[in-house]
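See structure below.
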Amino acid sequence: MAEFVNFKEIDVKWQEAWEKEKIFQVSDQSKKPKYYVLDMFPYPSGAGLHMGHAFTYTLGDIYTRFKRLQGFNVLYPIGYDSLGLPAENAAIKNNTHPEDYTKKSIANFMKQQKAMGWSYDWSRALKTSDPEFYKWDQWIFLQMLEKGIAYRKKAPVNYCPKCESVLANEQVVNGKCWRHEDTDIEIKHLEQWFYNITKYVEPLLQGLEKLDWPERAKVLQKNWIGKSFGTEVIFNINNEDWKVFTTRPDTLYGVTFLVISAQHNRLFDLVTKEQKSKVEEFLKKLKSVSEKELENLEKEGVFTGAYAINPLTKEKVPVYAGNFVVADYASGMVMAVPSHDQRDFEFAKKYGINIKVVIQNKENNLDSKTMQRAYTENGILVNSEKFNGLNNRAAIDTITEYLQHMSLGKKTVQYKLRDWLISRQRYWGTPIPVVYCDKCGIVPLNAKDLPVTLPKDVKFGQGNPLKTNDSWVNTTCPKCKGKARRETDTMDTFVNSSWYYLRYCDPKNSKEIFDSSKVNHWCPIDQYIGGPEHITMHLIYIRFYTKVLHDLGLINFDEPALRYFTQGIVKAADGERMSKSRGNVIEPLDTIEKFGADALRFYLISNASPDKDVIWTDSGMQSSHKFIGKVYSFFENIRFGKDSEKFEHKINKTLKEFFDDVQNFKYNVSTIKLRALFETMQNEKTISKESANKYIQMLHVFCPHITEELWNRFGNKGFISQSTFDKVNESKINLKFDKEDQAIENLSEDLGKILKVIQDKRDNSISKAFVYVIPNELELLKDVSSIEKKTNLTIKVFAVNDKAKYDPENKAGKAKSNKPAIHLE
RNA sequence: GCAGGGGUUCCAGAGUGGUCAAAUGGGCGGGACUCAAAAUCCCGUGGUUCAGGCCUUCGAGAGUUCGAGCCUCUCCCCCUGCACCA
């Protein structure tokens, strides 16, 4: 009975044994093939483990245990993404130092992680707030600087007033901060550190092809990178060439104005004296608008006073500054064709700008004076001089070639991906290892002087805390030994997670970032597991870093993770996210206390495919608990005997399917098959120890504690955690047994239906059933005891050609294949 | 708008050409046990009833096929992501 089993006790017993024997420590040297499973490391918050953690890390642990039992030498490390703003903010709130806060959080986390039975190699644990770790962030930065990948520039950047820091493009979600859904991003023009990720845009795009990732993840990254083909057209403004990117050079003759981004850093080069005040007024208004809803922002603009010359028509068209043009995409300036682009059309109507039709089609005769909206379909060029009559699709190439020929433009490619802004004006991050020297300017530190550690003594509350420690800020220039000032910005926390997976391969190396041979042995990650929210942030950065480190010759692969699995979310019973404010949170630790870690693990994966959301139900949780209890008590005092042939068939077949299902994360399907097999097992007279071992090995990946206990009770040597699966014995798999089951089930069903009808009509006097089958099906029904038990009938089965059969009603003739005839009395 | 993923029986969720009225779990109904309840166990759970049948179901419609939940097309709906990217 489930109640009598003290799961908690078993959990702790084996968790301690595993730890004591260090059985999950993995050696770099092994005869076994390597396998690297990685869960994205957690951000250690003071709140501890939540159900989402319990779910995602259990998925990884199951996969790891599965791979171990398959005979792989599995690297399964864990660490803490412990630098970052939330720790800083939480510390400020609790009036402690981020370092103390983080230390406490990690200790708490670790305890809880162990209670889940996750089989990490704790000897490799790392935390990013450790100077021995972030030292290498700084080292990588210096490498990047040397290669020109790290650089400083003044640019319009996203600033979150709540974070009091700038953000990367990836961290802006719908114009808001990724951490503060209620906070609008402000655009500031600041000089900041960037990583030149756009240099790697093509490898990032092409690398996707060879990855075994969910389609969704690949598409998301593709869209984020946003490659588009087009033409760069040169417009002359005030005797200066300005490049404008367009995907529609076929409409070039219809350009009636240009729009430059209001955030463009050269905007005022164009603004005339007369228009200056109007433009400034417009910009002021823009700022207040950005604090409201960005979504339905109307397209607005203001005339700059400048005119551009259309390279083909030589016409002069006005240049406007507009709020809808993205400053740092392409050249930050667009050509506007109101007749064939709806946005441009609305803008032209609003400001009374000329409209010129250049594409016509036979059915509709467009007239610029009467048209109600832009015509965006295809057609034939008109008003386009020598290109008149061309199909507009064809004209895209023709006109581009002509521009190229005349040196007025060229074919080009644009991407949405921007360079990665890594500066943060906050304390709890990796210090950027440069100084500002009055004489030498920006000077990087020497690698031997790393790490630049965070000073503990700083004041929080106003601006960047690092600026408050003068003795830290004031330093000497490594070049001229003169006075210098340290960079007080720290790095985006995402730099840490961009290469942590490499450090796990050689976590204690104090001489170099890692031993390349170790990293090349373990990497790339064979199976990476994490949430979908990381696809356009972390997973872009980690791929970028990998490519950079590859090009630096440090590693011999250029993709971090070949396979990636995205898990779903654990939702509360009401279908909402679990949250304190909703009061619907179920705590993993409470659940373990009540049901044991195995039952929780089993429950979390038995509901649905793990890439789907799990909706928590107490009854489901209880059902898993019940099942685990039944299995445990079944085996607890079992006496082994022999397997029936049928059972040998079943266990081998299940094992075979199990390999396939678990390999493909169909954990839920596996749990069902284990339930079914358990039912069969209960009806067997005896089973062998070998089969029992097979069964608990399968169950072990989901429920490591009770299976460890049973393994031990069975008298096996060593740990089940370190055992390996037997090969599937294909010769024992005989589909005959499945047919037999099918035949029994069919007959049982038929009898049931007949009895139901009869019993309604007559009284219950039926006690015997005579069954007539076609001869070659006779042996499928040789054991009908289960049906006899169920129906309370005595059953006799005959072959139809059996001369000695009892068949008073002469039913035997009705027997068909898979459909025996039946006589009841 | 664009892209991706989906719509399965009361719910969750398996299932991708025949043995599918469709696994499994939950819920619900019935039964056993009990003085009773809880727990546990067994049975049932689209309709209908004629002895194992018949009819209707897997978002809607059309098609391919001897045969479709599963393949093709069109449409509807839901979720997710990007969103003024020129």
Would you say [X] places a side-chain N or O within less than 4.0 Å of OP1 or OP2 belonging to [N]?
X        : N      : answer
A:Tyr329 : B:rA86 : yes
A:Arg343 : B:rC85 : yes
A:Lys626 : B:rU40 : yes
A:Thr617 : B:rG25 : no

What contact category does [X] fall into here, base, sugar-phosphate, or nothing, at under 4.0 angstrom with non-hydrogen atoms?
X        : answer
A:Thr671 : nothing
A:Lys227 : nothing
A:Lys612 : sugar-phosphate

Task: Protein-nucleotide distance (A:Ile822, atom CD1; B:rG52, atom P), rounded to Å - done: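 It is 10 Å, rounded to the nearest whole Å.
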
Task: Nearest-Å distance for atom pair CH2/C1', residues A:Trp224 and B:rA83 - done: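 It works out to 10 Å between those atoms.
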
Task: Whether over 12 other heavy atoms sit under 6.0 Å from A:Lys796 NZ - done: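 For A:Lys796, atom NZ is not crowded (no more than 12 foreign heavy atoms under 6.0 Å).
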
Task: Sub-6.0 Å ring centroid separation between A:Phe665 and A:Tyr667 - done: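 They qualify: ring centres under 6.0 Å apart.
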
TODO: Would you confirm whether the ring centroid of A:Tyr320 sits within less than 6.0 angstrom of the ring centroid of A:Phe347?
DONE: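 Yes, the ring centres sit under 6.0 Å apart.
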
Open item on the list: Let's see if you can work this out: which of B:rG25, B:rG4, B:rC85 has an atom nearest to the side-chain heavy atoms of A:Ser623?
Closed with: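 Nearest nucleotide to the side chain: B:rG25.
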
TODO: Would you name the heavy atoms of A:Thr231 and A:Pro249 that are closest together and state the gap between them?
DONE: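 Minimum heavy-atom contact is OG1-CG, 3.4 Å.
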
Task: Base of B:rC79 paired with side chain of A:Arg216 (donor-acceptor, under 3.5 Å) - done: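 No.
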
